[in-house]
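In what follows, every chain begins at residue 1, and chains take the letters A, B, ... in the order their sequences are listed.
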Amino acid sequence: MAKSELEKGRYLDLGGERVYTLSFGVEAPIAWVLLCGPFPTDRLYSLAAWVKWARFLASRDVAAVRFDYGGTGESTGRFPDMDFDRWRRDIDGMCDWLAGQTNGRPLFLHGLGMGGLLAEKAFAAGRGDGLLMWSPALNGLEILKQGLMIRLSMDMLLCRAADRKSANDYIQDLKSGRPVQIDGYPWSGALWTSGERLSLDQPYASPGEGVEKETGRPWRHAVLDDRMSPLVKSQSMLRAMNPRAALVPSAPLNRDFRGFFEPHAAWILENARELSNAKRHA
Amino acid sequence: MRDAITLSWDGLRLHGTSHLAPSGNGVGILFINSGSLPRSSRGDLYAHLADSLAEQGYSSFRFDLPGLGDSEGEIPQEFVEFYRIVQEAAYAGCVAAIARELRRTYGLKGIVLAGICGGAQTSVFAAAKEHGAGVAGLVLLDMPFFLYRSSNPPARKRAGLSLRKRVLAGISGAKVKMRDWVLSQKWEPVATKAYYRLKKVTSRTKAGVLPPNSNQVLIKALSGLLDQGIPALMVTAHPPIPEPQTFDYIGYVGARAGGRLQHAKIRGTTHSFVENGGAEAVLEAVKTWLATVAPAA
C-alpha cells in the first residue's frame with residue numbers, strides 16, 4: 001500500500017450521519033486501536049496530541065483509527081440531536097466497520113476522558129479484545145458539570161451579576177427541555193438525562209489493570225494529571241489561550257509525550273501477542 | 001457535502017475538509033486555524049460556516065496547518081512561542097501553497113482567506129506573500145494588531161549588563177511586582193478604571209501614533225493589500241461589559257483604504273464568536289460582504 005494511503009481520512013455513513021474517521025495504517029499491523037476521543041469541548045485542546053499518539057502507535061506496527069462523534073468536529077449532524085447513547089452507538093458502528101479491516105488481529109478500544117467512559121461501556125457489552133482508558137470520566141454528570149462551569153465562567157464575562165444564572169438554574173433548564181448553549185454547543189435535555197444514566201462499571205472504575213476472568217480480555221485504567229496537558233486540559237493552558245492579553249504566561253502546547261506513550265504502546269503490543277497466541281491455540 | 005481531503009506540503013501530510021458548492025461563481029473560501037485550535041474551531045464554528053457558505057455557492061475548505069489538529073508537523077513547545085511564530089508570518093508560505101493548490105484542483109478563479117485571531121494574521125501574511133494573486137479577499141475575525149509576548153521573560157545574567165540596563169531591568173521588575181500587587185487588592189477595579197481613564201486622555205494626545213507594542217509588519221502588510229485593491233472584512237467581537245479603550249487600529253488602517261476595508265461589529269459575543277448568537281452574526285456579516293465583493297452566480 002502506498003504511504004499516502006496508510007494515513008487516510010474518510011467519511012463513514014453511521015446512524016444517518018457521515019462520521020469522519022482518520023486511519024493510521026501500517027503494512028502488517030500486530031493490533032488495531034480504535035481511539036474514542038474526549039467530550040467535544042476538550043477535543044479542541046487534545047486533538048493534536050491524540051493524533052500524535054495514533055502516529056506513535058503506527059510507528060510500533062499498531063494500526064489506529066480516530067473518529068469524531070456525530071454532530072461534532074468534522075462529522076455531520078446537529079449537536080442538539082446528540083447524546084451519550086448516540087455517541088456510544090457511534091463506537092459500535094466503528095467497531096462493526098473495523099471488524100472488516102482487522103483481518104483477525106486484536107482490536108483495542110482506547111478512550112480519553114468521555115471516550116474512556118463510552119469505550120468501557122462498549123467493552124463491557126462485548127466489543128473489542130482489550131480496553132485502555134486514559135483519565136476516563138467516572139460518570140456522565142462529571143463531564144456535564146465541567147461543561148456547566150464553562151457556561152458559568154462565560155456568564156461572569158457576559159452578564160451583569162443580577163442577570164447571571166446558577167448551575168442549578170441551568171440544570172433545571174436542561175431537565176425541562178430548554179437547550180443551553182455551552183462553548184458553542186447547544187446542549188439538549190437528552191444529553192443531560194443520558195449523562196445521568198452513565199457511569200463506569202466495576203472493576204474498571206479504579207485506576208489499575210486486569211484481565212477479565214471469563215474472556216481473558218485485558219484492560220487498563222490510567223490517570224493523567226495536569227502535567228499531561230495538552231492531552232488533558234489544564235488551568236495554565238486556559239490562561240495562555242486568553243486572546244485579549246498581550247502577556248502570555250508559560251504553558252505547554254506541544255509536549256514530548258514519547259516517554260508516556262512508550263509503556264502504553266508496549267502494553268498493547270504485549271497483550272496483542274498474547275491474545276493472538278490464545279486465538280491460535282483455541 | 002463534506003469530504004476528507006489531503007495535501008502534501010514540505011513533506012508533511014496536511015488533512016482538511018472540503019465543502020463543495022453545487023454551483024457558484026468560482027470563488028472559494030479557505031479557513032485558517034484559529035490559534036492552535038483544530039480546523040473545526042471552537043464550537044465547530046468553521047465547520048458550520050463552511051457548510052452554510054457552500055450552500056450559498058462558495059466552495060469552502062478547511063485545513064489543519066502543520067502540527068495542528070490532524071496534520072503532520074511540529075509546533076513550538078510553548079503557547080507564547082507559537083503565537084510569536086504566527087505573528088511573524090511563519091505559516092504564510094504554507095497557506096499560500098494550499099490556496100494555490102485548491103485553486104488549481106477545483107478550478108477556482110479566486111480564493112478568500114478567512115480566520116479568527118492568529119488565523120486572520122496568517123491570512124494577511126499569506127495574501128501579502130502571494131502579492132494578492134488569486135486572493136479575492138480577506139475575512140479577518142477579531143484579529144489582534146498587537147504583539148503577544150511572554151509574561152515571564154527568561155532570566156538574564158545581570159553581571160554582563162551595564163549599570164543603565166540593570167537599573168532599567170530593576171524598574172521593569174518593580175513594575176511587574178506592583179502590577180501583581182494591585183491585581184490582588186480589593187480596590188483593584190477602581191484603580192483599573194482610573195488607569196484606563198487616564199490612558200484614554202493620554203491616547204488622545206497621541207492620536208494617530210501606533211502604540212509601541214503594535215505588530216508593524218502585519219499593519220504594513222494589510223495596508224499594502226488594501227492599496228492593491230484586495231477587499232477585506234474585519235469582524236470584531238464586543239462583549240456586553242465594555243472593555244478598556246484601546247488604540248483604534250481598524251480606523252488607522254481603514255483611513256487610507258478607500259472603502260475596501262469594511263468593519264462589522266458584533267455585540268454581546270466573545271473572541272471565538274460562539275456566544276450569544278455570534279456564529280449567526282458572523283455568517284450574516286460574511287454573506288453580506290461576499291454579496292458585494294464576489295456575488296455568487
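At a heavy-atom separation below 4.5 angstrom, chain B is approached by A:Asp183, A:Gly184, A:Tyr185 within residues 183-190 of chain A. Along residues 248-257 of chain A, the residues that come nearer than 4.5 angstrom to chain B, judged on non-hydrogen atoms, are A:Val248, A:Pro249, A:Ser250, A:Ala251, A:Pro252, A:Leu253, A:Asn254 in order of number.
Within the 4.5 angstrom heavy-atom criterion, no atom of B:Ala50 approaches chain A. Contacts between B:His271 and chain A at a heavy-atom distance below 4.5 Å involve backbone atoms as well as side-chain atoms. For chain B, the nearby part of A:Tyr45 is the side chain; its heavy atoms alone come within less than 4.5 Å. At a 4.5 Å heavy-atom cutoff, B:Ala279 makes no contact with chain A through either its backbone or its side chain. Residue A:Leu22 touches chain B through its side chain alone, counting heavy-atom pairs closer than 4.5 Å. Only the side chain of A:Arg18 comes within contact range of chain B, with heavy atoms under 4.5 Å apart. In this structure, no portion of B:Ser272 lies under 4.5 Å from any heavy atom of chain A. There is no contact between A:Arg239 and chain B, counting heavy-atom distances below 4.5 Å. Only the side chain of B:Tyr83 comes within less than 4.5 Å of a heavy atom of chain A; its backbone N, CA, C and O stay farther away.
Ring to ring, B:Phe145 and B:Tyr252 are not that close: their centroids are 6.0 angstrom or more apart. When ring centroids are compared, B:Trp9 and B:Phe63 stay outside the 6.0 Å threshold.
Options B:Asp3, B:Leu147, B:Asp51, B:Thr269 differ in how many heavy-atom pairs under 4.5 Å they form with chain A, and the most are formed by B:Asp3. Listed options A:Met241, A:Arg10, A:Arg55 were ranked by heavy-atom pairs under 4.5 angstrom with chain B; first place goes to A:Arg55. When A:Thr72, A:Asp68, A:Leu47, A:Thr41 are compared by the number of non-hydrogen pairs under 4.5 Å with chain B, A:Leu47 comes out ahead. Per-residue counts of heavy-atom pairs under 4.5 Å with chain B were compared for A:Pro40, A:Gly73, A:Gly9; the largest is that of A:Gly73.
The residues B:Glu74 and A:Lys52 are annotated as salt-bridged, a charged nitrogen and a carboxylate oxygen being separated by less than 4.0 angstrom. Using a cutoff of 4.0 Å between basic side-chain nitrogens and carboxylate oxygens, A:Asp42 and A:Lys233 are scored as salt-bridged.
A:Tyr11 places a side-chain N or O within 3.5 Å of a backbone atom of A:Glu74 that can act as its donor or acceptor partner. Although no hydrogens or angles enter the test, the distance criterion places no donor-acceptor pair under 3.5 Å between the side chain of B:Thr105 and the main chain of B:Leu102. For the pair B:Gln121 (side chain) and B:Pro144 (backbone), a donor-acceptor distance under 3.5 Å is present.
The side-chain tip of A:Arg43 does not point at the ring of A:Tyr20 from less than 6.0 angstrom away and within 45° of straight on. Both tests hold for A:Arg60 against A:Phe56: distance to the six-membered ring centre under 6.0 Å, angle to the ring axis within 45°.
Checking each of B:Glu88, B:Gln87, B:Met143 against B:Asn215 for a side-chain contact (heavy atoms from CB on, under 4.5 Å) leaves exactly one that passes, namely B:Gln87.
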